[in-house]
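Within every chain, numbering begins at 1; the chains are lettered A, B, ... in the order of the sequence lines, protein sequences first and strands thereafter.
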There are 2 protein chains.
Amino acid sequence: MSIDIRINLNNELYIKDPQISKLGRNIIHKSIDMIYLAGFESFTFRKLAKEIQSTEASVYRYFKNKHMLLLYLVNWYWEWVGALIEINTLNIKDPKDKLGIIIQSFVSASNQNPVISYVDESKLHNIVIAEGTKSYHTIQVDKDNSKGLFKSYKNLVGMVSSVIKEVNPSFEYPNALASNLFEMANNHLFFSEHLPKLTNIKQKKNNEQEVERMLNYFVDKLLSCSV
Amino acid sequence: MSIDIRINLNNELYIKDPQISKLGRNIIHKSIDMIYLAGFESFTFRKLAKEIQSTEASVYRYFKNKHMLLLYLVNWYWEWVGALIEINTLNIKDPKDKLGIIIQSFVSASNQNPVISYVDESKLHNIVIAEGTKSYHTIQVDKDNSKGLFKSYKNLVGMVSSVIKEVNPSFEYPNALASNLFEMANNHLFFSEHLPKLTNIKQKKNNEQEVERMLNYFVDKLLSCSV
DNA sequence: GTAATTAGATAGTATTGCTATCATTTTTAA
DNA sequence: TTAAAAATGATAGCAATACTATCTAATTAC
């Protein structure tokens, strides 16, 4: 069983909301597959159109270009992880426990039961790991930012930051730690698979648990230490 | 005054060594300018050829494609930072002091006097900040890695890792911390300018010093804490 | 001074990244 | 229910990108 809830995304991300039509959902579904398999560079709207048996022109009616589609996908992920964290920390009182759940969500939220039938969260997480930073490493980052296209990420970081402040109000860099936990989770999952010398996570089935353990180890030292 | 020393780079990075000819050095010099100004996405060999008053075919005789040129540039940076750290820590005994110099080098090595006349280290650092991770976030990362195209980065991380182990032999993730310090330095310089909500570094003239202070703060807690 | 290397000039080709137009199908609203 | 509106499909086209190839001219090396 899967329930189709709606994820709320900045409408500057798309021309026409892909969530409300069959074709739109197809675009999302298949573009995740294709970017997951062959990477963002080789992905084109023409190839996508062919895969979903539609036309290039139709895809362009939903997204201005493939950069906007990538932004849509990563925003989707940011929103989704944020929502999961909200749900899973709802009854938790201890901020340290909250932070543990946050770390777990950053590393392996995609192992949760899927929320939306046409989005494969596990593949999407892999896209965020491999292509996520390309969403802001562009020449138009400031323009994109002023349109609110990174709001979901900033909200997520804001939320985590406030938990960090609960754990240790005197920690001086809560936002930096929050964004770094997110980036580190993704980086070290990537490194363990492709560039193992850049990490200490061994490439194994349980590298997710290892990354989770590492991030908790870092956080413990950073927040429970009076040095 | 500037002295032209030679940086030693894996010869898989290029077809013909750009360091040994006027045209080659011109390619490096001008491509740094252009990528710095307009970003890697809009950079093409045709535009570059026009700028240096040469031809596309000539540029292709040095580099297989623009991805290899980017790899060349980031390798150049990794080697250069590594060399600077070697020089500046040569007479330092205390590993904690060494780590301080490493952090300073990650953040602002480019403020040192330039080493090679046709490479603007400050612009190059900005390229590494904005485009560096694109060098390994590709579908061919494993192939590139097996050719040794990330060796300079891995060496750098290995070197920093051994200093970390000197400071605290029981720290469990020295390689991860080393690569994270490098990435964090770059990320937070970028965030402070473009996405300030993701960091606690204020956008000011002295954001480099602030990032340096932050990284030292993190390292202190991580390595001098028995929690 | 000749051979070898390097660079310039030019051309060509498949693919990318769009935009535009018109015809059809599907949806919606009176 | 039917006419209008909206969405999609079909097709075309075009400038730019990412190369490859070939031939000639200049430079350098022996």
*Rounded to the nearest Å, what distance is computed from the NZ atom of residue B:K66 to the P atom of nucleotide C:dT16?*
14 Å

*Can you tell me how far P of C:dG8 sits from NZ of B:K22, to the nearest Å?*
11 Å

*Establish, with yes or no, whether the OP1 or OP2 oxygen of C:dT6 is under 4.0 angstrom from a side-chain nitrogen or oxygen of B:Y62.*
no

*Atom pair distance, as rounded to whole Å: CD in A:E41 and P in D:dT17*: 16 Å

*Between B:K16 and B:R46, who's closer to the 5' end of DNA chain C by nearest nucleotide?*
B:K16

_Output the rounded distance in Å from CD1 (B:I20) to C1' (C:dA7)._
14 Å

*Measure from NZ on B:K50 to P on C:dT10 and round the result to the nearest Å.*
15 Å

*asked:* If you compare every side-chain N and O of B:Y60 against the phosphate oxygens of D:dA21 (OP1, OP2), does one of them come in below 4.0 Å?
replied: no

_If you compare every side-chain N and O of A:S54 against the phosphate oxygens of D:dG9 (OP1, OP2), does one of them come in below 4.0 Å?_
yes

*A:F63 near the nucleic acid: base, sugar-phosphate alone, or nothing, with a heavy-atom cut-off under 4.0 Å?*
nothing

*Donor on one side chain, acceptor on other, A:H125 and A:Y77, under 3.5 Å*: yes

*Earlier contact from the 5' end, DNA chain C, for A:K47 and A:A57*: A:K47

*asked:* Expressed as a whole number of angstroms, how long is the span from A:K64:NZ to C:dC18:P?
replied: 7 Å

*Could you tell me the separation between the CG atom of A:D17 and the C1' atom of D:dA6, rounded to a whole number of Å?*
16 Å

*Nearest-nucleotide 5' precedence on DNA chain D, B:R61 against B:T44*: B:T44

_In this structure, how many angstroms lie between the P atom of D:dT27 and the CG atom of B:L23, rounded?_
13 Å

_Over-ring placement of B:K134 relative to B:F40, 6.0 Å and 45° cut-offs_ = no

*Which nucleotide in the list C:dG8, D:dT8, D:dC19 gets nearest to the side chain of A:S58?*
D:dT8

_Residues A:K202, A:E210: salt bridge by 4.0 Å N-O rule_ = no

*Run through B:Q140, B:K154, B:K151 and flag the one making a side-chain hydrogen bond (donor to acceptor under 3.5 Å, both in side chains) with B:N145.*
B:K154

*Out of curiosity, A:S31 OG to A:Y36 OH, how far, rounded to the nearest 0.5 Å?*
15.0 Å

